[in-house]
Amino acid sequence: MTVLKTSLRNFLAHKGRMALSAVAVLLSVAFVSGTLVFTDTMNTTFDKLFAVTASDVSVKTREKAGAEEGAPSQTGKPETLPAAALQKVKSAEGVKSAEGAISSTSVTVVDAENKNLGAKGGAPTVAGNWTDSDLRAMEISSGHAPRGPADVLVDADTADKHGLGLGDEVRTITVTGDFTAEVSGIASFKVTNPGAALFYFDTPTAQRQLLGEKGLFTYISVTAADGVSHDRLKKNVAGVLGDTYKISTAKEASDEGREELGQFLNVMKYAMLGFAGIAFLVGVFLIVNTFSMLVAQRTREIGLMRAIGSSRKQINRSVLFEALLLGVVGSLTGVAAGVGLAIGLMELMGSLGMNLSTDDLTVKWTTPAIGLALGVIVTVVAAYVPARRAGKVSPMAALRDAGTPADGKSGWARAAIGLLLTGAGGLALLATAQADQAKGGSLLLGVGVVLTLLGFVVIGPLLAGVVVRVLSTLVLRMFGPVGRMAERNALRNPRRTGATGAALMIGLALVACLSVVGSSMVASATDELDRSVGADFIIQTGTGQPIVPQAQKAMEKAEGVEHITQYRMLAAKVTAPGGKAAQETIAATDPTYAQDLRRDMVEGEQSAAYGKNAISVGGDYAEKHGVKIGDTLSVAFTGGETAELRVAAITSDEGSMDQGAKYISIDTAERYIPAEKMPQNQMLLASAKDGQTEEAQAALKASLADYPQYKVRDQTDYKKDLQDQIGQLLNIVYGLLALAIIVAVLGVVNTLALSVVERTREIGLMRAIGLSRRQLRRMIRLESVVIALFGALLGLGLGMGWGMAAQKLLALEGLKVLEIPWPTIGMVFVASAFVGLFAALVPAFRAGRMNVLNAIATD
């Protein structure tokens, strides 16, 4: 009980000094809790949606098993089943009702001003027929259901976002043609709509316009008669249909949807938890520093406690109990903050197009349990070493000034271990650069990153003694005596300076690594575009939708265009001469593709692949299967016939564009695949006539005025879009890393605040002999700046090493250009100095306000 009272008294006595450490625990726990609440809420939202939309039994085509309902096939239309299947289902025993439904995501819907009405943030635009089954999830809030080809029903969220009202005209663009309709009704969801844009037509219109012919559906919804179980109904339906179709109960369909959603959510959840782990790691340094300095400042107090009978175990438990209190307080507030963070994430997703209602906010009991356990365990473990150090304080320490002497042996041992870890990590990174396979190289890279990080953390105090002196010579000496005092303060306790700098080092190392990787990817892609792409323009969507035939015909009429090259992706089972077969993707293009994308060749000429019954293969495929020019491949096209194609060329797989691609001509594809099964173009390449580049680009854009989903980009536009996409991804990562950097900044603030308390008497003496408040504050600010620059220098150097090793792995995938973004690196380094200045504001202000006489009188 005495230990608990002592711990509680010390905790409350130093609550100001504990506050920043508690904030670090709070932020880390909040990120973990917020991530769990957010993903659990998304699961709840979709579970409710699956529960109300899933039919008692559903029937789909086998090709759609495991795919999103209504997903487009290669033809740009969803897979279908015939009306005869619906009649068979209706005749099955136990069926109360059955409806044929249509759903397609291969559509674009625009308003009268040609503005795309699709959802933002990647959610699909879904068009289909309105059925009684839809009333389970939606209710018509205004107007009426579609009654003919001129009517369309729109979901309320889409209507609100785009200002649609009854009577407004919309145009739907599909591979079968364009058609217009007026909004006849608006339907509201009974549960949360996660963000899809929904458009419903009457059944004949949906069949004709979305599927291309009557008498077809994409799935069948079956309702069970009273007293008939779903499993029994499934068995009865299977009895009349056989094994031709995919038949699922409501539970099976919901489970399948949850599994697909779970795969997406798990990637996001574990990525965010990874960044939370980085924040926890940075927080460890802050907590270790805090307790180390508190123990050092209480050396005489602990010595007195030992002198009057306290055992080492009691002292140790006292410090650990303080850490326990810190962990509990920080974790509990962190869990509460995590709920707020989850709500903020939901609002952010709402701005991106995904609707998540706070009515579905889900806080499972496991979330606070995990947050509390993580926060407490990390805090107690981080305080263990300082607690052991406190337990070793002898009773004789009561006769000495505060502070514990350095352990020279442990310093040398630490340096040796740090050098060993750093050296081993460096060798792993060097081996990564020499790897010839990405899989093995990735493992070496991971080992190298972990070992060098640990090595730099362990060797930090030794590096601090060297690096801080160099930085001080360049930065601090110009400030005269005040700068020299700031240097000596930073060097006074290299272990503390090393730990504080290491906290900042971790976040900046990841920033530097990702900057190098991102810049190298952009530079490599740009270099390859310059070398390989001969086409003037690239036409495609940003969502992967095919190019509809009517848009292609419009482009073919554009003036100033010399030629347009088609690019279709075909699925096929390819059998090599040795008999080994595998599912492959084959690119069917026009012969002009050889001009539009210049491929390096291993053997033969690329143009030879466009001869009758000819094909080209990639160099790796040829080497793996022993394929030579003149050999024959058996190619069974999905939806078509089997062809015997002669290998006419072998392309190099050195570049990243179309790496490993197999090419045939459009004529060859049309010879073996029926027109109704022929895939649509995924993109088009166009070249302008000599001297008419600008005119051709303007003409192409004008020809696509009615099709806003397509972009006409020249090489400059393409490079910019690529740079923007990578930049946006990096910005998201930098935003997540900001949490770790904030915790690191708190560490600098805490270190300075505690060091000011530790040097209270010294500060009073310096003030007494003439040091002004302004000089004192400058000294503390300069000390903070040099510590921040020390951490930044280590982090940026380490991160660039990781980035260069990672780029060598990217080179195996064709991204061979290494580019170090020196402006970004320089900006981060300079920004670190301002971070140091900011971190020192409060400690410097408090030091300047000290009473000189009281400071001198301090023990």
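This is a predicted model, so every value here is computed, not measured.
A donor-acceptor contact shorter than 3.5 Å links the side chain of Arg171 to the backbone of Asp706. Using modelled atom types, no side-chain atom of Thr205 and backbone atom of Phe201 make a donor-acceptor pair closer than 3.5 Å. Panel note: side chain Asp590, backbone Thr592; no donor-acceptor pair is recorded below 3.5 Å. Between the side chain of Asn114 and the backbone N or O of Ala705, at least one donor-acceptor pair lies under 3.5 Å. The backbone N or O of Met657 lies less than 3.5 Å from a partner atom in the side chain of Glu528, making a donor-acceptor pair. The closest donor-acceptor contact from the side chain of Gln550 to the backbone of Thr174 lies under 3.5 Å. With hydrogens and angles ignored, the 3.5 Å screen pairs no side-chain donor or acceptor of Ser248 with any backbone N or O of Ala253. Listed for the Asp56 side chain is a donor-acceptor partner under 3.5 Å among the backbone atoms of Ala224. At least one donor-acceptor pair closer than 3.5 Å links the side chain of Asp631 to the backbone N or O of Lys628. A donor-acceptor pair is defined here as one N or O able to donate and one able to accept, closer than 3.5 Å; no such pair exists between the side chain of Ser106 and the backbone of Lys77.
With 3.5 Å as the limit, one finds no donor-acceptor pair spanning the side chains of Thr541 and Gln709. Between Asp596 and Thr565, the side chains place a donor N or O and an acceptor N or O closer than 3.5 Å (distance only, hydrogens not considered). There is a side-chain donor-acceptor pair under 3.5 Å between Asp178 and Tyr707. Side chain to side chain, Arg713 and Gln540 meet the donor-acceptor criterion of an N or O pair below 3.5 Å.
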- Task: Please assess Tyr610 against Thr589 for the test side-chain hydrogen bond (donor to acceptor under 3.5 Å, both in side chains), listing each intermediate value before the final yes or no.
- Result: CA-CA 8 Å; Tyr610 298 102; Thr589 71; 2.7 Å; yes
- Task: Check the pair Val110 / Lys115 against side-chain contact (heavy atoms from CB on, under 4.5 Å), numbers first and verdict last.
- Result: CA-CA 5 Å; Val110 298; Lys115 179 183 176 183; over 6 Å; no
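Look at Glu79 and Lys60 and you find no salt bridge, because none of the NZ, NE, NH1 or NH2 atoms lies under 4.0 Å from a carboxylate O. With respect to the salt-bridge test (charged N to carboxylate O, under 4.0 angstrom), the residues Glu654 and Lys816 qualify. Ion pairing between a basic and an acidic side chain is recognised when a charged N comes within 4.0 Å of a carboxylate O; Lys662 and Glu584 show such pairing. Here Arg671 does not pair with Asp667 in a salt bridge; the nearest charged N to carboxylate O distance is not below 4.0 Å. Using a 4.0 Å cut-off between a side-chain N of Lys or Arg and a carboxylate O of Asp or Glu, Lys235 and Asp231 do not qualify as a salt bridge. Between Asp255 and Lys251 a salt bridge is recorded (basic side-chain N to carboxylate O distance below 4.0 Å). For Arg147 and Asp202, the salt-bridge test fails: no basic side-chain N is under 4.0 Å from an acidic carboxylate O.
When the shell of 6.0 Å around CD of Gln87 is examined, it contains more than 12 heavy atoms from other residues, nucleotides or ligands. A 6.0 Å sphere centred on NZ of Lys88 holds no more than 12 heavy atoms belonging to other residues, nucleotides or ligands. The environment of Glu562 atom CD is dense: over 12 non-hydrogen atoms of other residues, nucleotides or ligands sit within 6.0 angstrom. More than 12 non-hydrogen atoms from other residues, nucleotides or ligands lie less than 6.0 angstrom from CG of Asp530.
Between Ile547 and Ile539, the shortest heavy-atom contact is CD1-O, 3.5 Å. Residues Phe537 and Val712 share a closest heavy-atom pair of CB-CG1, 4.3 Å. The two residues Ser55 and Arg136 come nearest to each other via the heavy atoms OG-NH2, 3.2 Å. Annotation for Gly619 and Val602: closest pair CA-CG2, 4.5 Å, computed over non-hydrogen atoms. When all heavy atoms of Ala699 and Glu559 are compared, the closest pair comes out as CB-O, 3.4 Å. When all heavy atoms of Gln545 and Val107 are compared, the pair lying nearest together is NE2-O, 3.0 Å.
Note that OG1 of Thr668 and CG of Leu570 are 10.5 Å apart. Values are rounded to the nearest 0.5 Å. Atom CG of residue Asp653 and atom CG of residue Leu812 lie 12.5 Å apart, to the nearest 0.5 angstrom. Summarising the geometry, atom CD1 belonging to Ile538 is positioned 6.5 Å from atom CG belonging to Leu529; distances are rounded to the nearest 0.5 Å. Distance check: Asp658 CG to Ser532 OG gives 10.0 Å after rounding to the nearest 0.5 Å. Between the CD atom of Gln207 and the OG1 atom of Thr80 there is a distance of 10.0 Å, given to the nearest 0.5 Å.
Residues in residues 540-569 take part in these ring pair (Phe, Tyr, Trp, His ring centres under 6.0 Å) pairs, two or more places apart or across chains: Tyr567-Tyr593.
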